[in-house]
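Note: hydrogens, waters and symmetry copies are ignored here, and every other heavy atom, side chains too, is used.
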Amino acid sequence: MTPHMFDLVRAIAWHVPMVGPVLEIGSYIEANQEHLDLRQAFPRGTPYVGVDVLAGPGVDRTMDLLDQGQVNGIAASVTPKVTLCFYVLEHVWEIQKAAAALASIWNRDPESWLWISTHQSQPYHATSQYDDYWRITPTGLRKLMRVAGIDGHRVYVCPDSTNPPD
């Protein structure tokens, strides 16, 4: 999670009528990043479920984004109106399969919000718990979403469209 993404989500969550439940995919909170807990970005009482392949801080349930059975189970039990997946795709080797899993959640309710963010110009940032594989251009993200079946998507870049960090 980055401070500018946290601030963006908080600003929108407080000014746009987004109701929960919120499903955050990749909710594990790294050490010294407690201040970037996305639950704090939403009004108090917003139903919120954090999932990650790793158990730990910020994670309510473990889930592997590449296991469609687990994805279907979480989507059915949470029925998200907002799905967040920030800075996860660059850590998944089977990125097209991960995008298809996100599409399967959104396609259950195309009126819901699906927010995906990934890096284009971020330094390598693997840890002992997960690796780091991809940097995705805006053009690549548009095609990834289209191929995954996320129709009507919009890709925004921040702040320099020639080499955006997000």
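Residues P80 and A75 come closest through the heavy atom pair CD-O, 3.7 Å. Contact record, I150 with I116: CD1-CD1, 4.3 Å, taken as the closest heavy-atom pair. In terms of heavy-atom proximity, V78 sits nearest to P21 at O-CG, 3.1 Å. When every heavy atom of A148 is checked against every heavy atom of A100, the shortest pair comes out as CB-N, 3.9 Å.
Put simply, the side chain of M145 does not reach to within 4.5 Å of the side chain of V147, judged on heavy atoms. Residues L36 and T2 fail the side-chain proximity criterion, which asks for heavy atoms closer than 4.5 Å. The side-chain heavy atoms of H125 and H119, taken from C-beta on, include a pair separated by under 4.5 Å. Contact check for W115 versus C85: no side-chain heavy atoms found under the 4.5 Å cut-off. For the pair L84/L23, no side-chain contact is recorded, criterion being any heavy-atom separation below 4.5 Å from C-beta on. I25 has its side chain out of reach of I74: every pair of non-hydrogen atoms, C-beta onward, lies at least 4.5 Å apart.
Note that CD of Q68 and CD of Q70 are 10.5 Å apart. Values are rounded to the nearest 0.5 Å. Atoms CD and CG, on E24 and D37 in that order, are 7.5 Å from each other to the nearest 0.5 Å. In this structure, NE2 on H153 lies 7.0 Å from CG on L141, to the nearest 0.5 angstrom. Taking NZ of K143 as the reference point, atom CD1 of I136 lies at 13.5 Å (rounded to 0.5 Å). Note that OG1 of T127 and CD of Q129 are 5.0 Å apart. Values are rounded to the nearest 0.5 Å. Here the straight-line distance linking atom CZ of R108 with atom OG1 of T83 works out to 10.5 Å at 0.5 Å rounding.
In this structure T139 satisfies the side chain to side chain contact (heavy atoms under 4.5 Å, CB included) test together with T137, R142, sequence neighbours excluded. Scanning for side chain to side chain donor-acceptor pair (under 3.5 Å) contacts around T62 gives an empty result, with sequence neighbours left out.
Side chain of Q40 to backbone of E34: a donor-acceptor contact under 3.5 angstrom is found. Put simply, the side chain of S112 gets close to the backbone of D109: a donor and an acceptor are under 3.5 Å apart.
The cluster map of Ile, Leu, Val, Met, Phe, Trp and Tyr, joined by side-chain heavy atoms under 4.5 Å apart, puts Y48 and M1 in the same cluster. In the hydrophobic clustering of this structure, L38 groups with V82; members are Ile, Leu, Val, Met, Phe, Trp, Tyr whose side-chain heavy atoms approach within less than 4.5 Å, directly or through other members. Neither V88 nor M5 shares a network with the other; the hydrophobic side chains, linked directly or stepwise wherever heavy atoms of I, L, V, M, F, W or Y lie under 4.5 Å apart, form separate groups for each. Using a 4.5 Å cut-off between side-chain heavy atoms of Ile, Leu, Val, Met, Phe, Trp and Tyr, with links allowed through other members, F42 and V49 fall into different hydrophobic clusters. In this structure, V71 is not a member of the same hydrophobic cluster as Y28, with clusters built from ILVMFWY side-chain heavy atoms closer than 4.5 Å.
No hydrogens or angles considered: nothing links the side chains of D52 and Y130 as a donor-acceptor pair under 3.5 Å. No donor-acceptor contact under 3.5 angstrom links the side chains of Y87 and T118, judged on distance only. In this structure, a donor-acceptor pair under 3.5 Å is present between the side chains of R61 and S77.
Partner W134 forms a side-chain contact (heavy atoms from CB on, under 4.5 Å) with one of L144, I95, L89 and no other, that one being I95. V92 pairs with exactly one of D131, D64, L66 by the side-chain contact (heavy atoms from CB on, under 4.5 Å) rule, that one being L66.
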Using the salt bridge (Lys or Arg N to Asp or Glu O under 4.0 Å) rule, take D60 and R39 through it: C-alpha gap first, then chi angles, then the decisive distance, then the call.
CA-CA 12 Å; D60 300 305; R39 294 167 202 272; 2.7 Å; yes
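With ring centers used as reference points, Y133 lies 6.0 Å or more from H91. Aromatic ring centres of W106 and W113: separated by at least 6.0 Å.
When the shell of 6.0 Å around CD of Q96 is examined, it contains 12 or fewer heavy atoms from other residues, nucleotides or ligands.
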All N/O donor-acceptor pairs, side-chain side in residues 6-20, below 3.5 Å, sequence neighbours left out:
{"residue": "D7", "atom": "OD1", "partner": "R10", "partner atom": "NH2", "Å": "2.8"}
{"residue": "W14", "atom": "NE1", "partner": "A41", "partner atom": "O", "Å": "2.9"}

